[in-house]
Amino acid sequence: MSVSAGTAGVTPDPIAAIVFDAQTIAAAVQRLAEAIVRDCAGEPVVLVGVLKGALFLISDLARSLPHTMDVTIDFIVVSSYGNADRSSGEVRLLKDTSASVEGKNVVIVEDIVDNGPTLAYLQRLLGSRNPASLRSCVLLDKPYRRSVDVRIDYTGLTAPDTFIVGYGLDYQEKYRNLPYLARLHDWVFES
Ligand code: PRP
């Protein structure tokens, strides 16, 4: 349950529409977890969350996996495009995983695949380190936006062609904390 703002009624509501509610997200995360269990049963698995966007996804996904499964969690931080235009496709590594992925069954956990260069970069980087297997688990996919081809093993939801915030996704670092995925009013981008 969220805490209501004391200024309710004074601050204009930035949310134009809920695109996927918390229940829909939870069901999608459950399906992702079941698919991972199906493919990785009996194997130790390393979930590598891509920060910051995947913070809630990896948290919910990891807790949806059975306690009998050998699961470890690591994080990687990349900056997609820096200050450059997204079409440049330039991705920079800001923080590497804490542990080596060599010989491990790795699942990259991403909040969204949009143009594709970020996941393509991560698959190249982690794939070059001789993991036993490398899979990618993505909550939101925008397949019609690709500038590069990228393989996704597990997809939660296909997103409409609109800018989405919440459940880890931000606009200027805000709105990540929303428990649902939403579209913002146009005035938010103009203010
Ligand atoms: C977002 C998102 C993905 C990437 C997808 O990250 O979390 O990592 O963009 O874009 P692409 O498919 O076009 O490469 P962002 O750079 O906004 O950083 P964040 O995770 O810290 O929000």
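Remember, it's 1-based here, ligands and their atoms both numbered in the order they're listed.
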Can you tell if the side chain of E110 reaches within under 4.5 Å of the side chain of L139, non-hydrogen atoms only? no

Please determine whether any non-hydrogen atom of V78 lies less than 4.0 Å from an atom of ligand 1. no

Numbering the atoms of ligand 1 from 1, which are under 4.0 Å from a heavy atom of I112? 2 (C), 3 (C), 5 (C)

When you compare ligand 1 with G116, is there at least one nitrogen or oxygen pair between them that comes in under 3.5 angstrom? yes

Test side-chain contact (heavy atoms from CB on, under 4.5 Å) applied to D60 - qualifying residues, sequence neighbours left out: V29, R63, Y167

side-chain contact (heavy atoms from CB on, under 4.5 Å), paired with R135, selected from D153, I108, I36: D153

Show which atoms of ligand 1 fall inside a sub-4.0 Å distance from at least one heavy-atom site of S80. 4 (C), 6 (O), 9 (O), 16 (O)

Of the options V50, I152, L57, which is the one that meets V138 in a side-chain contact (heavy atoms from CB on, under 4.5 Å)? I152

What atoms of ligand 1 come closer than 4.0 angstrom to any heavy atom of G53? 19 (P), 20 (O)

Which atoms of ligand 1 have any heavy atom of K52 under 4.0 Å away? 19 (P), 20 (O), 21 (O)

For K95, check side-chain hydrogen bond (donor to acceptor under 3.5 Å, both in side chains) against everything at least two apart and list the hits. none

Could you measure the distance from the CZ atom of F75 to the OG1 atom of T97? Nearest 0.5 Å is fine. 12.0 Å

Presence of salt bridge, D74 and K104, under 4.0 angstrom: no

Of all the atoms in ligand 1, which lie at a distance below 4.0 Å from a heavy atom belonging to D170? 22 (O)

Nearest non-hydrogen contact to atom 14 (O) of ligand 1 from the set V138, T118, V77, D141 belongs to T118

When you compare the side chain of V48 with that of V109, does any pair of heavy atoms fall below 4.5 Å? no

Flag E173 as yes when one of its N or O atoms lies below 3.5 Å from any N or O atom of ligand 1, and as no otherwise. no

Below 3.5 angstrom, do we get any N/O pair linking N115 and ligand 1? yes

Out of all atoms in ligand 1, which are within 4.0 Å of some heavy atom of V113? Include the element for each. 12 (O)

Minimum non-hydrogen distance to atom 8 (O) of ligand 1, winning option of R92, E110, R176: E110

